[in-house]
Amino acid sequence: MSAPIAQMWMGGIHATQCVEITDDASRLDDGSFWAVSITFEGKARFARFADVSHGEFPSHQWIPLNSRWSTSQSKSEYIAYVSQIRELIASGGVYQVNACRELSQPCSAQSLQGLFSQLLLRNPAQYAFYLSIEGLEIASASPERFISRSGSKILTSPIKGTIRSDENEFGDKDKAENLMIVDLMRNDLGRICDAGSIDVRELFRHEKHPGITHLVSDVEGRLKDGTTWREILAATMPPGSVSGAPKSAALSIIEGSEGVRGPYCGTLGWIHGDRAELSVAIRTFWNEGDSTIRFGTGAGITWGSDPAAEWEETQLKARHLISIAGGEL
């Protein structure tokens with residue numbers, strides 16, 4: 001299979017003619033159009049594109065996969081992980097942790113362009129994103145805004161809380177978890193925004209997506225004059241909704257129990273001067289230059305979590321997307 005051309009697509013913006021790839025965040029302030037992929041651990045790939053146009057993503061064929069997906073944690077292992085987090089919460093060291101696992105299977109015969117075409121058709125998502133650069137290909141159907149920026153205005157919309165589409169109400173656990181992450185994001189934005197400018201614009205909004213409904217809140221602020229992209233990303237990465245609270249304690253638990261997440265739960269999108277659209281890299285398939293396709297799924301864990309129910313939530317979040325890619329979950 002020949003490698004796909006270097007390109008990025010998001011929200012009707014199609015970027016081609018990649019002229020530079022760097023991990024230097026200071027380059028993002030030069031006013032050029034940059035595609036962004038930053039892993040959960042902070043490894044950055046910024047790709048500068050010379051040609052940016054508007055249009056539909058070019059359609060490609062996808063041959064569904066037919067093998068069973070491997071999981072980085074079995075059901076019993078994941079339940080034990082959740083139980084361990086609950087014990088740590090009980091001891092007072094952390095309040096919430098996002099616990100994730102990775103699904104994978106061999107896929108060397110086709111590009112993810114075809115899978116992304118199918119995602120756009122069968123799982124339309126506000127922050128759908130495709131990127132192909134040397135050593136990395138990503139097809140994402142993320143429903144979650146990480147950062148939208150227009151001038152000095154910055155907006156984040158964390159998702160915490162998931163129910164089936166045939167359910168109507170979120171429980172107290174979901175609302176408490178959402179509020180906890182809203183406070184975390186207010187704190188993160190407080191490091192880079194003017195004092196008094198941060199506002200919770202909307203709390204506990206219901207967002208419907210294929211097969212599920214999410215609980216979402218909006219937090220907005222006004223950036224301090226002269227704030228650089230390096231400072232913005234340093235203050236906010238990794239996204240609070242996929243790490244936990246306090247963030248430093250949650251990250252320590254995740255590192256010790258999960259290892260490296262990679263692009264999953266990082267951020268994806270574009271930056272163009274003082275404008276940007278960045279998503280939280282969930283509902284995301286990726287390939288890092290080898291013959292393996294990967295997909296991540298997870299759930300937010302609090303003291304009120306039922307370990308078996310949290311496993312089922314990871315299954316619920318993965319089921320529809322995996323049915324599009326093919327193969328058994």
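Residue numbers run from 1 in the order of the sequence given.
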Report the C-alpha separation of Q105 and T292 in whole Å, then their side-chain angles, then the decisive distance to 0.1 Å, and conclude whether the side-chain hydrogen bond (donor to acceptor under 3.5 Å, both in side chains) test is met. CA-CA 6 Å; Q105 71 163 286; T292 302; over 6 Å; no
Report yes or no: is the cationic atom of R101 (NZ for Lys, CZ for Arg) closer than 6.0 Å to the six-membered ring centre of W311, at no more than 45° off its axis?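 Here R101 passes the 6.0 Å and 45° test against W311.
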Suppose we call two aromatic rings close when their centres sit under 6.0 Å apart. Are [X] and [Y] close by that rule?
{"X": "F49", "Y": "F33", "result": "no"}
{"X": "F170", "Y": "F204", "result": "no"}
{"X": "H14", "Y": "H54", "result": "no"}
{"X": "F40", "Y": "Y264", "result": "no"}

Is there a side-chain contact between [X] and [Y] (heavy atoms, below 4.5 Å)?
{"X": "I181", "Y": "Q96", "value": "yes"}
{"X": "E231", "Y": "K224", "value": "no"}
{"X": "W270", "Y": "V36", "value": "no"}
{"X": "S157", "Y": "E144", "value": "no"}
{"X": "T213", "Y": "E167", "value": "no"}
{"X": "H60", "Y": "P4", "value": "no"}
{"X": "R145", "Y": "Q126", "value": "yes"}
{"X": "M237", "Y": "F146", "value": "yes"}

Check each of N98, D174, T302 against K160 using the side chain to side chain donor-acceptor pair (under 3.5 Å) test, and report the only one that passes.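 For K160, the side chain to side chain donor-acceptor pair (under 3.5 Å) test succeeds with only one of N98, D174, T302, which is N98.
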So which of T162, N168, D166 actually passes side chain to side chain donor-acceptor pair (under 3.5 Å) with R164?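 Among the candidates, only D166 passes.
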Cluster question for you: counting only ILVMFWY and a side-chain heavy-atom cut-off of under 4.5 Å, with indirect links fine, are M10 and L136 together?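 M10 and L136: one cluster.
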Linking I/L/V/M/F/W/Y whenever their side-chain heavy atoms sit closer than 4.5 Å, directly or via other members, would V242 and I212 fall into one cluster?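 Shared cluster, no.
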Do [Y] and [X] meet the salt-bridge criterion of a basic N to acidic O distance under 4.0 Å?
{"X": "D30", "Y": "R27", "value": "yes"}
{"X": "D290", "Y": "R294", "value": "yes"}
{"X": "R149", "Y": "D274", "value": "no"}
{"X": "D29", "Y": "R230", "value": "no"}
{"X": "R186", "Y": "D183", "value": "yes"}

Using a distance-only test with no angle check, is there a side-chain donor-acceptor pair under 3.5 angstrom linking [X] and [Y]?
{"X": "S197", "Y": "R222", "answer": "no"}
{"X": "D24", "Y": "T22", "answer": "no"}
{"X": "S305", "Y": "E310", "answer": "yes"}
{"X": "T236", "Y": "D188", "answer": "no"}
{"X": "Q110", "Y": "Q61", "answer": "no"}

Separation between [atom1] of [X] and [atom2] of [Y], rounded to the nearest 0.5 Å:
{"X": "S257", "Y": "E77", "atom1": "OG", "atom2": "CD", "value": "11.5 Å"}
{"X": "I38", "Y": "L278", "atom1": "CD1", "atom2": "CG", "value": "7.5 Å"}
{"X": "L65", "Y": "F285", "atom1": "CG", "atom2": "CZ", "value": "8.5 Å"}
{"X": "Y95", "Y": "L184", "atom1": "OH", "atom2": "CG", "value": "12.0 Å"}
{"X": "E102", "Y": "S104", "atom1": "CD", "atom2": "OG", "value": "5.5 Å"}

As a test of understanding, state which of I293, I138, T39 forms a side chain to side chain contact (heavy atoms under 4.5 Å, CB included) with W286.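 Of I293, I138, T39, side chain to side chain contact (heavy atoms under 4.5 Å, CB included) with W286 is met by I138 alone.
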